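These notes concern the structure reproduced below.
From a predicted model like this one, the values you see are computed outputs, not experimental measurements. Hydrogens, waters and symmetry mates are skipped; everything else that's a heavy atom, side chains included, is used.
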There are 2 protein chains.
Amino acid sequence: MIEKKKLTLKDIAKELGISVSTASRALKEHPDIAKETIKAVKEYAEAHHYVPNFLAVNFRKSRTFNIGLIVPELVHHFFSTVISGAIDEAKKYGYNVLVSQSNDLLKDEKVACRTMLSSSVDGLLISISNETLEGEHLQDFLSEGKPVVQFDKITDHLNTPKVTVDDFEGAYNAVNHLIKQGYKKIAHIRGRKNVKNANERYEGYLKALKDHHVEITENWVKSCSAISENEGYDFAKEMMESANPPDSFFCITDLVALGVIRYLKEAKYEIPYQIGVMGFSNWKLAEVVSPGLSSVDQHGYDMGIKAMKLLIELIQNQDCENEETIELKTKLVIRDSSLKKDFIK
Amino acid sequence: MIEKKKLTLKDIAKELGISVSTASRALKEHPDIAKETIKAVKEYAEAHHYVPNFLAVNFRKSRTFNIGLIVPELVHHFFSTVISGAIDEAKKYGYNVLVSQSNDLLKDEKVACRTMLSSSVDGLLISISNETLEGEHLQDFLSEGKPVVQFDKITDHLNTPKVTVDDFEGAYNAVNHLIKQGYKKIAHIRGRKNVKNANERYEGYLKALKDHHVEITENWVKSCSAISENEGYDFAKEMMESANPPDSFFCITDLVALGVIRYLKEAKYEIPYQIGVMGFSNWKLAEVVSPGLSSVDQHGYDMGIKAMKLLIELIQNQDCENEETIELKTKLVIRDSSLKKDFIK
DNA sequence: CTGTTAGCGCTTTCAG
DNA sequence: CTGAAAGCGCTAACAG
């Protein structure tokens, strides 16, 4: 292998008979330096393909232009959308993004944080795992002067800016729509009780029922732990086989809704005529499943952009004690699975 | 903000009355160092939460423990699966992964390469864009002594190891299955002519037709440029409305197959009875669409693991001139969309 | 077994 | 306008 020795500032300086510091300044067009010197240095550098050694520069300035990004799961439509937005935004400012996943495990999240701190990112974007409560491991970033921005799945125990979606309102609107469509026994398959946005969605669900004086029953609320398709299937089966089955399902996520639909189809229920189904997150699959699944769009790409932008601002202002919070609005996307009224017509 | 001054080796050395180099060596349990010295240093370091400055270490050793990973698209079931595998594997060896996307644009791919080279990754994993032909920009990595491993979408113009799936065989088996199911007029919606795996799949398709003496018509082969759902829809419409319509579609990708299915449903064709459909890649959506879409699984997670492992080996052996190639076998996943025979029974 | 020394490539005072 | 010199934190050859 041909190991080309890289050209350094020293080489340029020697060649042009100037000092290293002059060469360094010339490259940045420092106002102190004579126009001709600048020109000479730049031309030489150009001609010989000088590339600064960023390892040295970063070491000197103790920053890396790398940003860490941790999500619970990578193979996940919503999160990959957020990542995509975050990366595109980072690119604009010359930052690279280090991506990692926690698999919703606190253990893995800690490991990811540690290797990221080691390899010295300038800041962290994180959507925490289901198991994360306090987030002391995130505190380490702050104590090292590296800002953290939380998004989507967040904890309030940590004093950082947050970018979320208005889960409460999203859920409220979704359930509201079900009520307007004529459903009267609305079940909710929710997420874990220790996860903030699961609670927000649950509250939105409750509020909508209360506002419209619709029946509320504990038996119609079930908690997922894994948020899986199978849980949707199982809970749907359990509830539909009970003495007082619901006539519609509002699900914490499209995947769960998919399980519900699978059960309902197997059991020969007609969707949306007999039973309505509503998801959350508006994944690709909501479009392609049959019947089309109504859902709540979370604007993942936008969230990625906003969160990254916020983080980069913090990094550039050396600001770690910011509490700014951005809450994006959701958008209700109506498809066939919840259109009882229109179906009847 | 409390800017805690970080503890350095120098501090430890001064405090313990030894030299910096001794401290450094003690921390690594160098055999030359006395047991007691090692113990003393380690204890002090532990007690005062010494964390090496990796920026300095990396600068010194000119390596970063970061690996670059570029894919055409991030929000893409197959690629996110590969990324997931690659990241999980990298973690095992203490490497971080810098992720970027090219949007299938040569321009973006070059930019991604440049910022990655700057921020000094130790190596690169890449699936090239549709527009990439020669890949001179990738050559830059090699000349800097940084290994490159290509995966899935590759170019043979570059002398690097490659990890791919046996596209030819995958396509052959898929078409073979269609023939066995009794389809006789098999259309193929293919990818761009300059993209290697699109060509491989096309060749597999042709070979299967030839081996079984099945009709071959140019009119039944159409080339996508964007590989979009709409192209699937449009080509299906075009072919089905032609004088001699096919009785089945083998599509370059599940997304395209989805477009075909959408058209067929709209036009009231019965799948798979009248028309069979076969995708490629086995995305999540293949399971959930109705009817279930038969497809060819590419083992993305495995590909990510294998490619990353290979790359890390090259990095650790300082080896840039390796031509090793791994070709994974595909797996045919049969669902309803292609089961004409079973449907008839 | 341990310390001295030099140096990685670059930035940045401080002097001229 | 430019140069000399110090130093970022760590490693490693060399010399005891």
Side-chain angles (χ1 to χ4, degrees), chain A residues 3-42 44-45 48-65 94 117-120 122 144-146 318, chain B residues 3-42 44-45 48-65 94 117-120 122 144-146 318:
Chain A
E3 263 290 3
K4 265 196 262 176
K5 242 325 183 316
K6 278 233 272 178
L7 195 69
T8 72
L9 273 186
K10 207 190 201 166
D11 300 326
I12 299 184
K14 204 194 302 175
E15 201 60 39
L16 297 183
I18 58 178
S19 76
V20 178
S21 48
T22 305
S24 168
R25 279 177 289 213
L27 253 1
K28 330 195 142 50
E29 309 194 31
H30 189 105
D32 273 4
I33 305 293
K35 292 270 179 297
E36 311 90 66
T37 317
I38 294 184
K39 189 155 168 284
V41 173
K42 287 209 142 190
Y44 187 90
H48 296 74
H49 307 107
Y50 168 71
V51 183
N53 179 331
F54 285 90
L55 249 40
V57 176
N58 292 344
F59 165 49
R60 200 59 242 286
K61 302 206 165 158
S62 34
R63 57 115 178 82
T64 61
F65 276 114
L117 254 187
S118 316
S119 87
S120 295
D122 294 343
E144 292 214 12
K146 303 185 185 209
Q318 309 254 42
Chain B
E3 264 289 5
K4 265 195 262 177
K5 237 337 174 315
K6 278 233 272 178
L7 194 69
T8 72
L9 274 187
K10 206 182 188 173
D11 301 326
I12 299 183
K14 203 194 303 173
E15 201 59 38
L16 298 183
I18 58 178
S19 76
V20 178
S21 51
T22 305
S24 168
R25 279 176 289 210
L27 252 3
K28 328 195 145 50
E29 309 194 31
H30 189 105
D32 274 3
I33 305 292
K35 292 272 179 294
E36 311 90 66
T37 316
I38 293 183
K39 189 154 167 287
V41 173
K42 286 208 144 191
Y44 187 92
H48 296 75
H49 307 106
Y50 168 73
V51 183
N53 180 332
F54 286 90
L55 249 40
V57 176
N58 291 344
F59 166 48
R60 198 58 242 285
K61 302 205 166 160
S62 33
R63 56 113 179 82
T64 61
F65 276 114
L117 254 186
S118 315
S119 86
S120 295
D122 294 342
E144 292 213 12
K146 305 187 186 216
Q318 308 256 39

Figure out the [atom1]/[atom2] separation between [X] and [N], and round it to whole Å.
| X | N | atom1 | atom2 | result |
| --- | --- | --- | --- | --- |
| F59(A) | dT11(C) | CZ | P | 13 Å |
| K28(B) | dA12(D) | NZ | C1' | 10 Å |
| H30(A) | dG3(D) | NE2 | C1' | 13 Å |
| D32(A) | dT13(C) | CG | P | 12 Å |
| L9(B) | dA12(D) | CG | P | 12 Å |
| K39(A) | dC1(D) | NZ | C1' | 18 Å |
| N58(B) | dC10(C) | CG | P | 16 Å |
| R25(A) | dT12(C) | CZ | P | 10 Å |

Minimum heavy-atom distance V41(A)-A23(A), with the two atoms named: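 So the minimum-distance heavy-atom pair works out to CG1-O, 4.0 Å.
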
Minimum heavy-atom distance A56(A)-F59(B), with the two atoms named: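 Result for this residue pair: CB-CE1, 3.4 Å.
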
Donor on one side chain, acceptor on other, T22(A) and S19(A), under 3.5 Å: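 Yes, a side-chain donor-acceptor pair sits under 3.5 Å.
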
Donor-acceptor pair between T64(A) and D122(A) side chains, under 3.5 angstrom: yes

side-chain contact (heavy atoms from CB on, under 4.5 Å) between L7(B) and I12(B), intermediate numbers included: CA-CA 8 Å; L7(B) 194 69; I12(B) 299 183; 4.2 Å; yes

Contact class for [X] vs. all strands (heavy atom < 4.0 Å): base, sugar-phosphate, or nothing?
| X | value |
| --- | --- |
| K35(B) | nothing |
| S21(A) | base |
| N53(B) | sugar-phosphate |

D11(B) vs Y50(B) side-chain heavy atoms within contact, under 4.5 Å: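 Not touching, per the 4.5 Å side-chain cut-off.
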
Steps toward side-chain contact (heavy atoms from CB on, under 4.5 Å) verdict (I38(A), L27(A)): CA-CA 7 Å; I38(A) 294 184; L27(A) 253 1; over 6 Å; no

Nearest-nucleotide comparison on DNA chain C, the residue closer to the 5′ end among T22(B) and A56(A): T22(B)

Phosphate OP1/OP2 of dT2(C) contacted by T37(B) side-chain N/O (<4.0 Å):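 For dT2(C), OP1/OP2 do have a side-chain N/O of T37(B) under 4.0 Å.
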
Given dT11(D), dT2(C), dT12(C), the nucleotide with the shortest approach to the side chain of R60(A): dT12(C)

Of the listed nucleotides dC10(C), dC10(D), dC1(D), the one nearest the side chain of Y50(B):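 Out of dC10(C), dC10(D), dC1(D), the nucleotide with an atom closest to Y50(B)'s side chain is dC10(D).
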
Within residues 11-20 of chain B, residues whose heavy atoms come under 4.0 Å of DNA chain D: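 V20(B) - these, ordered by number, are the residues of the stretch whose heavy atoms sit under 4.0 Å from the strand.
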
